[in-house]
Amino acid sequence: MKYNPQKIEKKWQKKWEEEKTYQVDLDKVKKPYYNLMMFPYPSAEGLHVGNMYAFVHSDVYGRFMGLQGYNVFEPIGLDGFGIHSENYAIKIKEHIKDVSSRTEKNFYKQLHMIGNAYDWTKTVETYKPNYYKWTQWLFLKMYEKGLAYRKKSSVNWCTSCKTVLSNEQVISGKCERCEAQVEKKDMEQWFWRITNYAEKLLKNLDWIDWSEDVKTIQKNWIGKSEGALVKFKIKNLEYILEVFTTRPDTLFGCTYMVVCPEHELLSKFQSKIKNYSEIEKYIKKSKIKSDIDRTDLNKDKTGVEVKGLIVINPVNNKEIPLYVADYVLSGYGTGAIMAVPAHDERDMEFAKKFDLDIIKVLKTDEECFVGESISINSGFLNNLETKKAKIEIIKWLGKKKLGKGTVNYRLRDWCVSRQRYWGPPIPMIECKDCGWVPVPEKDLPVLLPDMSDFLPDGSGKGPLNKIKEFVNTTCPKCGSPAKRETDVSDPFVDSSWYYLRYLSTESNNQALDKKRLKKWMPVDMYIGGKEHSVLHLLYSRFVTMVLHQLGYVPEEEPFKKFRAHGLLISEGAKISKSKSNIVNPDKYINQYGADAVRMYLMFLGDMRQGGDWRDSGIEGMYRFMVRIYKLIDKVDDKKPDDQLIRLLHQTIKGVQNDLMRLKYNTAIAKLMILANKIQELGCNKEILNKFAVILYPFAPHIAEEIWEVLGNKKSIFKEKWPKYDKKLIQEKTWELIIQIDGKVRDKIEVKKNISEEEAKKITLSQDKVKKWLGNKKPKKIIYIKNRLINLVV
RNA sequence: GCCGUGGUGGCGGAACUGGUAUACGCGCAUGACUUAAAAUCAUGUGAGAGCAAUCUCAUGUGGGUUCGACUCCCACCCGCGGCACCA
């Protein structure tokens, strides 16, 4: 029989569909296992091989858990709303709605081809009203809880996408989607108060079972700093200048103060500032500067003294000067700092340039020392270690009502409004008399109206603003004329809760099916890319925490276990159009079959490290599939070889361990070794049956086919993972490695578990050993049972 | 600069808690089959020396700990990812 993957795969995919093999009755099953993968955003180019790489890793795990007796729920959907899809439609000059329905078909076709165990009856598409109705519902819940609010602030503006972005969507100064430079702009926007959850988001990282690197990225992003808030009086003014510092112990060394150009103090006391025109010029200049210029570390520090305003250091009542400088950021802390040049590099640089006092308050020989030491020149803090000094000064500040110990986070609130078309309209209405009023839940969804000209215009308002019938409405509260919000929400809002909706797709009158969520949440295993560490993965945790408090989700954390996969590259380089190393999965699936492509992708290396796709490699894997298929012809009724039985059981154990550790590459290597042995020796039905079962997670179609040819009636998925026999795995003999001074000099086959005495005797009687020893006697003999013996001369 | 992660044959990569470095695959070479080629099968394949048995050297670099180090410790170099004047 010839291996025909195209035929086999079509046959089995049809059968799985007809027999509802992977459909899960979410209410009835006994052992729920929620196996999640990151639903793709459907680009028009089609499913990317990188998607397939991630999805197959996830599917292999899901199928393995199925064989362990779990009822595995493996859903899929499309994250189709968003700038990425919209930008593509604009590029090819088609309407996003048309592009969307086309890519949906194409994506689902491709997702069928890869042979995953999806439950196709519970898909979600974020751009359909029956989904985004509930995304809008989520916004209303946030608003009810006081977690959605409007604020005017300096926000990230992408000049190319013509919309604001969240902090998380600015990647080293550039737009996450189009890589254009991002500017700062003062605008009023909708925010979600993720910062309320900063501590919880950080703390739970201690116990959730996630890839460590992703946890570290989130931890750094949240950026907790412990320190103190210190209040500085300004001479002859009723104003308290507050600063945040992580080093209150160095307060005696504070010789000047700096505020950011945006600080309220400057405009408030214009009349008191003697050189205000100079200050004004500096403020204007720093506004024009792009973010890149402003954060360039190599550039010189600039600033202007604020003449006329004198600050008083509360700890010693010394009068110190005040400066405005753009090295102090408005968004962090209080937008003002106490400068301690002797113990902060930036302050030192600034102090030298402006010839300001530098006072050492820590024991050190270094000119600028930023570490911990013992306080000096610090009054009552003298001779205290930094840790102790911090505690003492915070106590002192508290007593005098001049400050307190406090915590500061780098994390900012999530800006969720977007001035674009292809998203869920934010369900809010502005009334002259009532202010902002939420759309009543019964009026959801606020349908996204059809419009031919959906291009963003950069006016700061979304394209929906152009449709009068959409904008003009009545206030739900008082009935007078009012206007709708015309921004749509961030596509990351859509994906922050999709894993909850999978469990609730049949409910048309509620967002979430609480009973099911209780049964299925949290997600048991989530495999995905770490590029979402501070985007989707952070937002989802936040949203779940809120929904947990509202009583919808049983636990605070959405994903019990998360494992990040590395990047798939091709021919040694990042996959990109310009490098013309694009890998089209369809082409390879059509040529070699999905099983071969799956196996090859899983064989590339350690999942965490990513992989390097080489065209030459897939051929080898195809050859292996052909050989596997031919094993059917090797089946006979002879009593199988002992050696083969031992190898079978070793393989079952090894593959099982590798699957649990997500080391698929070594699992496949073990399958190859077994297959090669079967090819050499032949085997009986029972052995090949077991081989088919352990092959099944990786190559489900060929495994089912072999399984059927061997006379089995039900799908392998109803089968259990085979048990290995511990006794059969044991080898009777082992190879004793003889080392002399740590170098291998000989190897002999000996019985298992021989004693040290026996081993010594055997070793010393070897001719080679005698030759190496000469007339010397070993000083020391180290014997490691069932491994080696080392003679130290 | 800080945080994380990696560096092993011609290539992708193995090596669980310190115990045979290079599993498995690709590629290459030789042979079998064939008129020939492809496919398939068999054998070999880290480098160097040697007719050979065998020996020496090799896991980014330099040190160290140990009977023994890809694995542990110290210093440094390079790649990748994140953050970046965060007070």
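Keep in mind that the numbers below use all heavy atoms, side chains included, and drop hydrogens, waters and symmetry copies. Proteins get letters first, then strands, A, B, ... in listed order; numbering begins at 1 in each. All values reported here derive from a predicted model rather than from experimental measurement.
- Within the cation-pi definition used here (under 6.0 Å to the ring centroid, within 45° of the axis), Arg541(A) qualifies as a partner of Trp210(A).
- Regarding contacts with the backbone of C86(B), every side-chain N or O of Thr246(A) stays at 4.0 angstrom or more from both OP1 and OP2.
- Look at Asn665(A) and you'll find a side-chain N or O under 4.0 angstrom from OP1 or OP2 of A14(B).
- Between G25(B) and Asn676(A), a contact under 4.0 Å exists linking OP1 or OP2 to a side-chain N or O.
- A 3.5 Å limit on both hydrogen-bonding distances identifies A75(B) as the Watson-Crick or G-U partner of U61(B).
- To the nearest angstrom, C1' of A23(B) lies 13 Å from CG of Leu647(A).
- For the pair Lys574(A) and G81(B), the criterion of a side-chain N or O lying under 4.0 Å from OP1 or OP2 is met.
- Of the candidates A87(B), G25(B), C86(B), the closest approach to any side-chain atom of Met672(A) belongs to G25(B).
- The phosphate of U17(B) (OP1 or OP2) has no side-chain N or O of Arg787(A) nearer than 4.0 angstrom.
- Rounded to an integer number of Å, the gap from NZ of Lys743(A) to P of A69(B) is 10 Å.
- Put simply, Lys768(A) has a side-chain N or O that comes within less than 4.0 Å of OP1 or OP2 on U54(B).
- The shortest distance between the side-chain N/O atoms of Arg623(A) and the OP1/OP2 oxygens of C26(B) is below 4.0 Å.
- Applying the Watson-Crick and G-U wobble criteria (two distances, each under 3.5 Å), A47(B) pairs with U56(B).
- The CG atom of Leu604(A) sits 10.0 Å away from atom CZ of Arg614(A), with the distance rounded to the nearest 0.5 Å.
- Here the P atom of nucleotide U20(B) and the CZ atom of Arg745(A) are 16 Å apart, to the nearest Å.
- Using a 4.0 Å cut-off, some side-chain N or O of Lys780(A) falls inside it from OP1 or OP2 of C67(B).
- The nucleotide G81(B) finds its pairing partner in C3(B), both defining distances of the Watson-Crick or G-U wobble pair being shorter than 3.5 Å.
- If you take CG of Leu329(A) and P of C86(B), they are 8 Å apart, rounded to a whole angstrom.
- Of the N and O atoms on the side chains of Glu168(A) and Trp414(A), not one donor lies less than 3.5 Å from an acceptor on the other residue.
- Here the P atom of nucleotide C11(B) and the CZ atom of Arg614(A) are 9 Å apart, to the nearest Å.
- A 3.5 Å limit on both hydrogen-bonding distances identifies no Watson-Crick or G-U partner for U22(B).
- In G9(B) the base sits syn relative to the sugar, since the glycosidic angle is no further than 90° from 0.
- A centroid separation of 6.0 Å or more is found between the aromatic rings of Tyr592(A) and Tyr600(A).
- Counting distance only, with no hydrogens placed and no angle test, the side-chain atoms of Lys219(A) and the base atoms of C3(B) include no donor-acceptor pair under 3.5 Å.
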